[in-house]
Amino acid sequence: MEEEQSPRLGREPATEPSPAPEWPKPECKNDDDAKDPESTGGGGGGGNGISSLEQPLLKRSTTLTASHLAIVGAKVSHIESLDYEIIENDLFKHDWRSRSNVEVLQYIFLKWAMAFLVGLLTGVIASLINFAIENISGLKMQHMVNLVREKRYWASFLYFAGVNFVLTFVAAVLCVVFAPTAAGPGIPEIKAYLNGVDTPNMFGAPQLIVKHRRRVVGTGSRQGGPLVHIGACLANLLSQGGEGRWRLRWRWLRYFNNDRDRRDLITCGASSGVCAAFRAPVGGVLFALEEVATWWRSALLWRTFFSTATVVVVLRGFIEVCRNGRCGMFGEGGLILFDVSDVTVRYHVGDLLPVTLVGVLGGVLGALYNHVLHQVLRLYNLINAKGRLAKLALALAVSVFTSAGLYLLPFAVPCTPCDPAFGDACPTVGNSGNFKQFNCPDGYYNDLASLLHATNTDATRNIFSTGTAGEFRLDSLLIFFAIYCVLGLFTFGIAVPSGLFLPIILMGSAYGRILALVLARFVRIDHGLYAVLGAAALMSGSMRMTVSLCVIFLELTNNLLLLPITMFVLLIAKTVGDAFNPSIYEIILDLKGLPFLEPKPETWMKDLAVGELAAAKPRVVTLQVIEKVSTVVEVLRSTPHNGFPVLDRPRPGVSELHGLVLRSHLMAVLKKRWFLTEKRRTEEWEARERFSSTELAEKSGSINEVAVQLTPEELDMYIDLHPFTNTTPYTVVETMSVAKAVVLFRTCALRHMLIIPKFQGPEITPIVGILTRQDLRAHNILGAFPHLANKRKVH
């Protein structure tokens, strides 16, 4: 993040600035040789009596100015904010005024074309991934079951565990060595990016390739999180024309060389990923609106819907091609889909109690899952701090444990005789079906093997199947619920791309069926529908989503009659979960140290003014509208700030705030050596001859590399900052409450907020300070104002 700066130059701050905290210095490289992310936190408890499992993953400052480090994926990165605000300097204004109608139409057309390409590519990649997963996982399961049927149990186990071990090894090596930021689902980082936090190396080609390869060579699990990340990576690469030396420099791509358009396209990519995972176009749009996007408008709504509609068309095309076994075990597209449109759902007054119980337990179990996962991630932090080999060993150990559990547990349950009504469908000997014979004799089936030794599509459809109240035994469902609780907790956080959607869906569906069996005398709704309600309740209890989940499950079930009861369950589960802890993504954001601004400020922030925040920080660094080159170089070298207030002196003794200039714009001026031999204001055409608004959108490099090339004569020259200064920055009066400033900062997608004095006058400096997102985060403010912690408890 940009180093926050505050009170006025030339006046001493109200309080002495606290010394800068000693943070571990990450290597400024793009490769993965940097220190492992977890090594910066979670060590010994020190002398404060706090255990390692209670400390944050990264050390936090006790002053208002906080750390610039955060864990992105599985790597500690130096983070900054994004420039979502329109920089209204002279160059930008001229650029927009000079655009012809054809160029405006071209810009609009390209935004829609990009949205189409994001949906198209996301749909194609998702279909290919699921095609590979279903066939690899199906063949693995089929060969393992054949060995069991031959009573070659050791050979079957070694084959099953060995294949999983090799696949996990490949996935972990790809993630640990080539793309550490590809670890995990990627959704918390996407939320942070769309909130205004630059998450470096998160949406590049290596992350896309590793996510894709891991989905293919992984253990066969298919969660929505990685597909969301894949969609975001595609959106970012399309908007920039690639990355690195392979980046395309086409002229029309200049329109997207800014953070605002990139943000909108990544929003389209995230919604397309959810649509590809659940075949739910409207649910994907609402997921982006409810869960990941911070800023929303009607134009973005239309483009995200266009992207998800494209995804659905592509998926449906693959389904038509792959009908009748043309794509091996790919089946009906290989995506999660539970069609119960032919089931008539009727409600009775007696159904309210068991359905309410489903919602309450969903909220309790979801909150408990969040709490335990929180502790598991802290434990993994201690292990991963040992280095790459420790990360790899942890992933392989989890793989062996997973293989042993999935293979051995079906042997622990008795075989169930087939109901004659099922006919030839029981037992199932082929690749799919509800009645896997596994180790049972003819005429019997193993209900637990039907769930554990099936592809993801079959497992989901099996447990969601209707008209099967007596198909699954209670002990089998309890074991299935327990094993997926363990797998969901201990496979998340290892050095492989993973997600939360599918484990929570399967856990929730299992506990929904368990409740239906336990309350059989009170239950009148089909047990398969209770599985759907349980999955929805547990997802809402953990992720705290309601509207998007309701529509996603509606599109999954294709039955509008489920809508009222699903809404009822989701509202109860979210309300109960909120009473215990935040959502799982909020917990992960806090653990990683990503400075996410919540939509609702803390109540005690009303008791603090922004002027008091400014006084708790070092003095603000300002520049004059016409400044010496040496002064600009010295300021850039001595401070990591990314924005500097620009002051003007229209007459002696009077100082006015002219605006704000960005660090990247100053770097662009120094690189092009646009200097003046005398102290004067330039004409408008002089800057336009050398610069354009699209060029200024490029990221700046290192000041040291530029400064060493400047001669002493050039350092004595001047720079006119008028053409580059944003003359309309957002300003607030120093008496404004912090609560109001947080709402304004988040709503307007700001990077800098200038504080001006309440009273103006010749002897009063025109700028009191600058606030950035780090200054407005609750734990940073409490570090500088510890007395507010008591008010926090009272409120």
Side-chain angles (χ1 to χ4, degrees), residues 1 4 56 60 64 66 70 81-82 84-85 187-197 263 267 286-297 300 363 366-367 370-371 374 540-549 570-610 612-613 730 732 735-751 753 771-785 787-795:
M1 298 296 295
E4 289 81 352
R60 285 178 176 172
L64 187 59
S81 289
L82 295 166
Y84 289 157
E85 178 188 356
I187 293 179
E189 287 82 0
I190 295 173
K191 282 174 63 72
Y193 185 91
L194 298 181
N195 190 256
V197 180
R263 171 194 65 189
T267 305
L286 293 178
F287 173 84
L289 170 62
E290 181 179 10
E291 185 62 24
V292 297
T294 299
W295 300 281
W296 198 262
R297 59 188 188 279
L300 183 58
N370 291 357
H371 174 75
H374 188 184
S540 180
S542 176
M543 300 180 181
R544 311 296 156 76
M545 296 184 292
T546 53
V547 179
S548 57
L549 273 184
L570 290 174
L571 289 172
I572 293 176
K574 184 186 186 304
T575 303
V576 173
D578 284 338
F580 291 97
N581 51 30
S583 72
I584 185 60
Y585 292 130
E586 292 178 17
I587 291 174
I588 295 175
L589 282 168
D590 185 65
L591 279 176
K592 288 176 174 286
L594 293 168
F596 184 85
L597 285 183
E598 298 292 342
K600 184 178 180 181
E602 299 284 349
T603 308
W604 50 264
M605 290 182 176
K606 298 178 182 177
D607 301 328
L608 190 67
V610 293
E612 297 177 80
L613 289 184
Y730 282 86
V732 296
T735 54
M736 175 184 282
S737 70
V738 174
K740 196 172 182 179
V742 169
V743 174
L744 177 64
F745 195 98
R746 190 181 191 274
T747 304
C748 297
L750 303 183
R751 183 175 187 176
M753 177 183 287
L771 293 180
T772 60
R773 68 173 49 243
Q774 289 281 19
D775 302 323
L776 299 175
R777 300 193 67 207
H779 69 76
N780 290 345
I781 297 176
L782 292 177
F785 301 91
H787 66 279
L788 293 176
N790 297 328
K791 291 187 177 182
R792 184 181 190 182
K793 295 177 181 178
V794 172
H795 288 304

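- What you find for I587 and H374 is that their closest heavy atoms are CG2-CG, 3.8 Å.
- Side-chain atoms of M543 and S583, non-hydrogen and from C-beta on, never get closer than 4.5 Å to each other.
- Checking E290 against T546 by side-chain atom types alone, a donor-acceptor pair falls below 3.5 Å.
- At distances below 3.5 Å, not a single donor-acceptor pair connects side-chain atoms of N195 with backbone N or O atoms of F596.
- The shortest distance between side-chain heavy atoms of I187 and F287 falls below 4.5 Å.
- M753 has its side chain out of reach of D775: every pair of non-hydrogen atoms, C-beta onward, lies at least 4.5 Å apart.
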Side-chain donor/acceptor pairs under 3.5 Å, residues 573-582, sequence neighbours excluded:
| unit_1 | atom_1 | unit_2 | atom_2 | d |
| --- | --- | --- | --- | --- |
| K574 | NZ | D578 | OD2 | 2.6 |
| T575 | OG1 | L571 | O | 2.7 |
| D578 | OD1 | R544 | NH1 | 3.3 |
| N581 | OD1 | R544 | NH2 | 2.8 |
| N581 | ND2 | A367 | O | 2.9 |

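- For the atom pair OG (S540) and CG (L570), the distance works out to 5.0 Å, reported to the nearest 0.5 Å.
- Between K191 and E291, at least one side-chain nitrogen of the basic residue sits less than 4.0 Å from a carboxylate oxygen of the acidic one, meeting the salt-bridge criterion.
- Nearest heavy atom pair, residue P188 against residue I588, reads CG-CG2, 3.6 Å.
- By the 4.5 Å heavy-atom criterion applied to side chains, L608 and L788 are counted as neighbours.
- In this structure, the side chains of I781 and M605 come closer than 4.5 Å at one or more pairs of heavy atoms.
- Counting only heavy atoms from C-beta outward, the side chains of R773 and L776 never approach each other to under 4.5 Å.
- For the pair R263 and W295, the minimum side-chain heavy-atom distance is below 4.5 Å.
- Between the S81 side chain and the V197 main chain, no donor and acceptor come within less than 3.5 Å of each other.
- Between atom CZ of residue R777 and atom CD of residue E598 there is a gap of 8.5 Å, rounded to the nearest 0.5 Å.
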Less than 3.5 Å apart, which donor and acceptor atoms pair up between the side chains of residues 736-747 and the rest of the protein, not counting sequence neighbours?
| unit_1 | atom_1 | unit_2 | atom_2 | d |
| --- | --- | --- | --- | --- |
| S737 | OG | K740 | N | 3.3 |
| R746 | NE | L597 | O | 2.7 |
| T747 | OG1 | V743 | O | 2.6 |

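- Judged by distance alone, the side chain of N370 and the main-chain N or O of S542 form a donor-acceptor pair under 3.5 Å.
- With contacts defined as side-chain heavy-atom distances shorter than 4.5 Å, the pair R751/Y84 does not qualify.
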